[in-house]
Engineer: 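Can you keep this structure in mind? I'll have questions shortly.
Numbers here are sequence positions counted from 1. Each ligand, and each atom within it, is numbered from 1 in the order the structure gives.
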Amino acid sequence: MTQDEVLAEFREAGALLEGHFILTSGLRSPVFLQKVFVFQDPVRTERLCRALAAKAEAAFGKIDYVVSPAVGGIVPGYETARHLGAKAIFVERENGAFQLRRGFTIPADARVLMVEDIVTTGLSSRECLAALAEHTSHVVGAACLIDRSGGRADLGVKLISLAQLDIPAYPADALPPELAALPPIKPGSRGIQGAKA
Ligand SMILES: O=P(O)(O)OC[C@H]1O[C@H](OP(=O)(O)OP(=O)(O)O)[C@H](O)[C@@H]1O
Ligand SMILES: O=C(O)c1cc(=O)[nH]c(=O)[nH]1
Ligand SMILES: [Mg+2]
């Protein structure tokens, strides 16, 4: 699947939003990739995740476990795992920090791939990998549908993506005037329900 085909899937799903968005990192951006509009269509999600699984297998070899950060990573993690013949589990926030909960365990010899939906700064991916380090030393790499960092996000492990974009994001105190003029919206799950982070 080419980068243009990946972007076409997002565009056709109505997932390329324009406005003034507060990202999970606290940065502000005029563009938001609303992945849930992609994931509400299982056929579209299957196309994307089949391609991601093939790319991940080529880069990292056999994968036994896919681990994803909730909420956005769960659907692509599950669907990518299905194509890899792997198990799919997730970390979720407890008091703001990602934890492997619900009794999920990772066998000692399992080869683990972290799967994210979107990578912007890599903050969420690094938090997920830090949580995973308490359960396994066999994380072979990371994969995401879209890396919007322009390739600059450093996860500490190799990251592959279906598309790499360089989408502007600004600190809240350095907004261009056209962005500052729009009311900000925060679409993601970090910080809701009284969580600390
Ligand atoms: O690379 P980063 O700067 O961390 O940004 C990307 C993260 O932002 C989104 O999650 P968010 O915390 O908004 O919540 P969600 O997964 O519930 O959508 C997305 O799912 C990634 O996890
Ligand atoms: O950085 C984010 O929080 C983020 C950006 C984006 O385009 N999509 C998303 O779900 N989260
Ligand atoms: Mg997320």
Engineer: Going from NZ on K186 to CZ on R28, what distance comes out if it is rounded to the nearest 0.5 angstrom?
Structural biologist: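 If we round to the nearest 0.5 Å, K186:NZ and R28:CZ are 11.0 Å apart.
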Engineer: Measure centre to centre between the rings of Y78 and F90, then say whether the value is under 6.0 Å.
Structural biologist: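 No: the rings miss the under 6.0 Å criterion.
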Engineer: Counting from 1, what ligand 2 atoms have a heavy atom of K35 closer than 4.0 Å?
Structural biologist: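 With K35 as reference, the close atoms of ligand 2 come out as 9 (C), 10 (O).
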Engineer: I'd like to check whether G122 has a polar contact with ligand 1, where a contact means an N/O of the residue lying under 3.5 Å from an N/O of the ligand.
Structural biologist: yes
Engineer: So, does H20 use its side chain to make a donor-acceptor pair with the main chain of L182 at under 3.5 Å?
Structural biologist: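 Indeed, once roles are kept as given, a pair shorter than 3.5 Å links the two residues.
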Engineer: Would you find a donor on one side and an acceptor on the other, under 3.5 Å apart, between the side chain of T45 and the backbone of P76?
Structural biologist: no
Engineer: Between R111 and F60 (side chain of the first, backbone of the second, donor and acceptor by atom type, cut-off under 3.5 Å), is there such a pair?
Structural biologist: yes
Engineer: Does only the side chain of T120 get under 4.0 Å from ligand 2, or the backbone, or both, or neither? Count heavy atoms.
Structural biologist: side chain
Engineer: With a cut-off of 4.0 Å, which atoms of ligand 2 are near a heavy atom of L33?
Structural biologist: 6 (C), 7 (O), 8 (N), 9 (C), 10 (O)
Engineer: Can you sort out which atoms of ligand 2 are near T24, meaning under 4.0 Å from one of its heavy atoms?
Structural biologist: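 Contacts of ligand 2 toward T24, numbered from 1: 2 (C), 3 (O).
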Engineer: What protein heavy atom sits nearest atom 3 (O) of ligand 1, and how far off is it?
Structural biologist: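 The closest heavy atom on the protein side is T121 OG1, 2.6 Å.
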Engineer: Using a plain distance cutoff, I'd like to know if G73 has any nitrogen or oxygen under 3.5 Å from a nitrogen or oxygen of ligand 1.
Structural biologist: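 N/O-N/O distance under 3.5 Å: no.
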Engineer: Considering only non-hydrogen protein atoms, determine which one is nearest to atom 13 (O) of ligand 1 and report residue, atom name and distance to 0.1 Å.
Structural biologist: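 For this ligand atom, the closest protein heavy atom is G188 CA, 3.2 Å.
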Engineer: Looking at I63, is its backbone amide N or carbonyl O close enough to the side chain of E57 to form a donor-acceptor pair, meaning the two atoms are under 3.5 Å apart?
Structural biologist: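 A pair under 3.5 Å: no.
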Engineer: Hey, is L23 one of the residues with a heavy atom under 4.0 angstrom from ligand 1?
Structural biologist: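 Contact absent.
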Engineer: Out of L123, I146, I22, D117, who gets a non-hydrogen atom closest to atom 20 (O) of ligand 1?
Structural biologist: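 When every heavy atom of L123, I146, I22, D117 is considered, D117 comes closest to atom 20 (O) of ligand 1.
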Engineer: State whether the side chain of S29 and the backbone N or O of F21 hold a donor-acceptor pair below 3.5 Å, judged by distance alone.
Structural biologist: no
Engineer: Could you tell me whether a side-chain N or O of R148 sits under 3.5 Å from a main-chain N or O of V31, the two making a donor and an acceptor?
Structural biologist: yes
Engineer: I'd like to check whether T120 has a polar contact with ligand 1, where a contact means an N/O of the residue lying under 3.5 Å from an N/O of the ligand.
Structural biologist: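 It does: an N or O of T120 is found under 3.5 Å from an N or O of ligand 1.
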Engineer: Which ligand 1 atoms, with their elements, are less than 4.0 angstrom from a heavy-atom of G72?
Structural biologist: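 Every atom of ligand 1 under 4.0 Å from some heavy atom of G72: 15 (P), 16 (O), 17 (O).
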Engineer: Salt-bridge test for E12 and R44: reply yes if a basic N is under 4.0 Å from a carboxylate O, no otherwise.
Structural biologist: yes
Engineer: For atom 22 (O) of ligand 1, what is the nearest protein heavy atom, given as residue, atom name and distance?
Structural biologist: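 Looking only at protein heavy atoms, the one closest to atom 22 (O) of ligand 1 is E116 OE2, 2.5 Å.
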Engineer: Among protein heavy atoms, which sits nearest to atom 7 (C) of ligand 1, and what does the distance come to when rounded to 0.1 Å?
Structural biologist: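 Here the closest protein heavy atom is S124 OG, 3.5 Å.
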Engineer: Among all protein heavy atoms, pick out the one at the shortest distance from atom 18 (O) of ligand 1; state its residue, atom name and that distance to 0.1 Å.
Structural biologist: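 Minimum-distance protein heavy atom for atom 18 (O) of ligand 1 reads K35 NZ, 2.7 Å.
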Engineer: Judged by atom type as modelled, is there a donor-acceptor pair below 3.5 Å linking the side chain of K55 to the main-chain atoms of S161?
Structural biologist: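 Present.
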Engineer: How close does the nearest protein non-hydrogen atom get to atom 11 (N) of ligand 2, and which residue and atom is it?
Structural biologist: F32 CE1, 3.4 Å
Engineer: Between CD of E5 and CD of E9, what distance do you get to the nearest 0.5 Å?
Structural biologist: 8.0 Å
Engineer: Specify the protein heavy atom at minimum distance from atom 15 (P) of ligand 1: its residue, its atom name, and the distance to 0.1 Å.
Structural biologist: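 It is S189 OG, 3.5 Å.
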Engineer: So which heavy atom in the protein is nearest atom 6 (C) of ligand 1, and how far is it from that ligand atom?
Structural biologist: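 Of the protein heavy atoms, I118 O, 3.3 Å lies nearest.
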Engineer: Do R152 and D166 meet the salt-bridge criterion of a basic N to acidic O distance under 4.0 Å?
Structural biologist: yes
Engineer: Is there a polar contact between ligand 2 and R148, counting only N or O atoms under 3.5 Å apart?
Structural biologist: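 Yes; the residue has a nitrogen or oxygen that sits under 3.5 Å from a nitrogen or oxygen of the ligand.
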Engineer: For atom 5 (O) of ligand 1, what is the nearest protein heavy atom, given as residue, atom name and distance?
Structural biologist: T24 CG2, 3.4 Å
